[in-house]
Amino acid sequence: MFTELNSILNTSPDSFTQGDFILVSGRQSDASFLIHHFLSFYLRARCKVCFLGLVQSFSHYSAVCQRLGVSLAQAKEKRQLVFLEGLQEGLSVFIPQDDTTGNKALSFLRDPMVGLQNLYEFVRSSVSSPGGGEEGSDGSEQWGPPVLLVDDLSVLLSLGVSARAVLDFSHYCRASLCSQLQGNVVMLLHCEEEEEEDDGDDEGSERLLKGLIHQCCLALHVQGLPTGYCRDIHGQVEVCWRRRQGDGQHTQNKVFQYKVHDKGASFFARGTSSAVL
Amino acid sequence: MAAPVNSVVNSSAKCSSFNATSFQKKTRSRLISIPGTRPSVQNGQLLVSTGVTSLDYLLGGGLAVGTVLLIEEDRYDSYSRMILKYFLAEGVVCRHELFVASAQHTPDDILQELPSPILDDVAIHKPVEQPRLSHEPQDSLDAMKIAWRYQNLPKVQTALASSSRFGHYYDVSKMMEAEIREAAKCHRFYLPEHPTQSSPTHSPMLESYSALLKSLRDVIQREGFEVTAPMSKSRNILRIGLHSLGSTLWGDDLCCHDNPRHGHALTTFLYGLRALLRSSLSVAVVTVPSHLIQNRALMGRITRLCDNAIALESFKGSEREANPLYKDYHGLLHVRQVPHLNCLASQLPDHKDLAFKLKRKQFSIERLHLPPDLSETVSRVSRGELAGTAMVGSACGSGTSGNKHLDF
């Protein structure tokens, strides 16, 4: 959990808005440090978290969250966290052993044309499992609203899933988690720099990005500095609120620069980096 | 990945570092240290050497076990193949097991060309030239009068090297002797030997890639490289070298079309490779002919799925060969990606403008550094072709080749 980011977004583990769909995107920069922030934030806020970790192993996430002060193994044991490890489960789908079909949620790996419905069913079942709802049937604790974190969507595009299927998946997740269950959804997307649009082909992270920006309430866009590579400032974050107020859409943009270090990330206004002042 | 390796081998890694101080832990646990590896000083990852010491320095001390290094080939595949051979030769010398896969040359051809190690190099290792600090006694002549603010900056150190040695040196003009080479266990995968049976799957991965993935998984399981394998036998590292993936000889049309039909074959394979590596004690070097791939977004996705990525651009055959500024070097090296494994921040390289040269006894990667050009008759034509690299030391009037006749 990055305290400066909490003050920028005006949230804290004790009070945060529910029903939010947060999009974290990065263009040619790695925005995955923000996913670690949200993971530790929602675990500290005692929410029931479903984390689709498709890119790295469980031990990577758990090592990083250890430095941020949260233990993933403990959360998993207490059933606060449901973790889908894409790499490990995916391997048994790619190379089936002894007629076991592997995890059903990742069946899109075998045939991407099928879409992400099984993945959605997995998410739905994990956030509405008995550990998160009723109180104390087997002594389990009661957790707060459900949260879905996805790291990341662009690897789904690399594996052959079409952008339309990913948009459908995000829409279903938003409908069930944000509207019905009053929880939050955070998704990470990484875009490449594309010169021209892919026409005739359904794939394209640009299309996916535009669709997701339209659906989200809060967009965090990570980019490199426009002036080039710098060791002390790793890039800039553009925070865009799209709250739906009673009097219509209200958008507000702010730009910050950031630097990632071992135990967190520091955010500062443009030009006020400690290396410069 | 590396954290499970860390937990399994962490105690052994600590043991190996303690051996240096002759402190022996008096425990009865079977701690085994793997030869040819060392823990990283930054985050305790287990590292292996790539065979090229300056590349080890660039990657943060070495290649972490469980990761993939992607090398974007240069135009004639000479230097990328050289780095692959260094990597395999280092594996032979460290007694790791090898796995070589190729579609174009038989793996035996690649293995026969491995450079010969210089094994008696430990005694004659020359220490790295340290930059002279300005408060040394004989420095009074060097005291700056005008640019005195630059007095305390260290002299630019172009060679990339760290103080501790890790890895070996090789003599490129000699081939590795057969008995050293045959002492290493090597698994081969030559694509024409695996006839592709078209199975009715809708998976985007091609049959050639899935056969390769299956073969890799079989080797890892059979030889016991998995992290969860029993600790009774001695552990070793598997070095995987995959030559020219994505080329048409693998059945892939990435290099032929802008919108390839099998656009997701290589990315799906790389995802499966990452899954295999994260759960085993192995490390992979993959070369891809990226100069043939026109779709930059696809190349970006391929890079994202590998942990480390470098690109080689050789001067052979291009107009830069005649450029006097590049006369000492054979090509440029671009670092496309560095990983952040088990930590938030990645170790970004200090300098982005790097050039390499292949000498007989060393493949060296150096920072491309131009000293300030103080001659009066400077030729601005050659400066204009630098295209933005190495602007560190160049004068302020460079880059505008149209102002040839203006003299400030």
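Chain letters run A, B, ... following the sequence lines, proteins first, then strands; residues in each count from 1. Computation of the quantities below employed the complete heavy-atom set of this structure, encompassing side-chain atoms and omitting hydrogens, waters and symmetry-equivalent molecules.
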- line: Okay, B/L305 and chain A: the region with an atom under 4.5 Å from a heavy atom over there is side chain
query: Do B/R304 and A/D30 have side-chain heavy atoms sitting under 4.5 Å apart?
result: yes
- prompt: Hey, what do you get for CG (B/N342) to OG (A/S57), rounding to the nearest 0.5 Å?
  reply: 6.5 Å
query: Is chain B contacted by the side chain of A/K263, its backbone, both, or neither, given a heavy-atom distance below 4.5 Å?
result: backbone
query: Would a 4.5 Å heavy-atom cut-off, applied to side chains only, mark B/R296 and A/E192 as touching?
result: no
field: Spacing of CD belonging to A/Q56 relative to NE2 belonging to B/H340, to within rounding of 0.5 Å
entry: 6.5 Å
- prompt: Tell me, side chain or backbone of A/L54 under 4.5 Å from chain B's heavy atoms, or both, or neither?
  reply: both
task: Give, as side chain, backbone, both or neither, the part of A/S32 having an atom under 4.5 angstrom from any heavy atom of chain B.
output: side chain
statement: d(A/I95 CD1, B/S210 OG) to nearest 0.5 Å is 9.0 Å
message: Does atom CD (B/E226) have a neighbourhood of more than 12 heavy atoms from anything else shown, all under 6.0 Å?
response: yes
message: Under a 4.5 Å cutoff for heavy-atom pairs, which residue among A/G86, A/G90, A/C65 has the most contacts with chain B?
response: A/G86
query: Once you round to the nearest 0.5 Å, how far does NE2 of B/H264 lie from CG of A/L159?
result: 9.0 Å
query: Does any heavy atom of chain B fall under 4.5 Å from the side chain of A/F94, the backbone, both, or neither of them?
result: side chain
field: Residue among A/V155, A/D262, A/D111, A/V260 with most heavy-atom pairs under 4.5 Å to chain B
entry: A/D111
task: Please flag which part of A/V114 lies under 4.5 Å from any non-hydrogen atom of chain B: side chain, backbone, both or neither.
output: neither
- prompt: For A/H261, is it the side chain, the backbone, both or neither that has a heavy atom under 4.5 Å from a heavy atom of chain B?
  reply: backbone
query: Would you say B/R301 and A/H190 make side-chain contact, with heavy atoms under 4.5 Å?
result: no
query: Atom CZ in A/R67, atom CG in B/L344: separation rounded to 0.5 Å?
result: 8.0 Å
- prompt: Is there side-chain contact between B/M205 and A/L109, with at least one heavy-atom pair below 4.5 Å?
  reply: no
message: Just verifying a value: how many Å separate B/C343 SG and A/Q66 CD, rounded to the nearest 0.5 Å?
response: 14.0 Å
- request: Heavy atoms only, distances under 4.5 angstrom: which of B/A275, B/S346, B/G272 has the most pairs with chain A? Name it, please.
  value: B/A275
- prompt: Do A/Q88 and B/R278 have side-chain N/O donor and acceptor atoms under 3.5 Å apart?
  reply: no
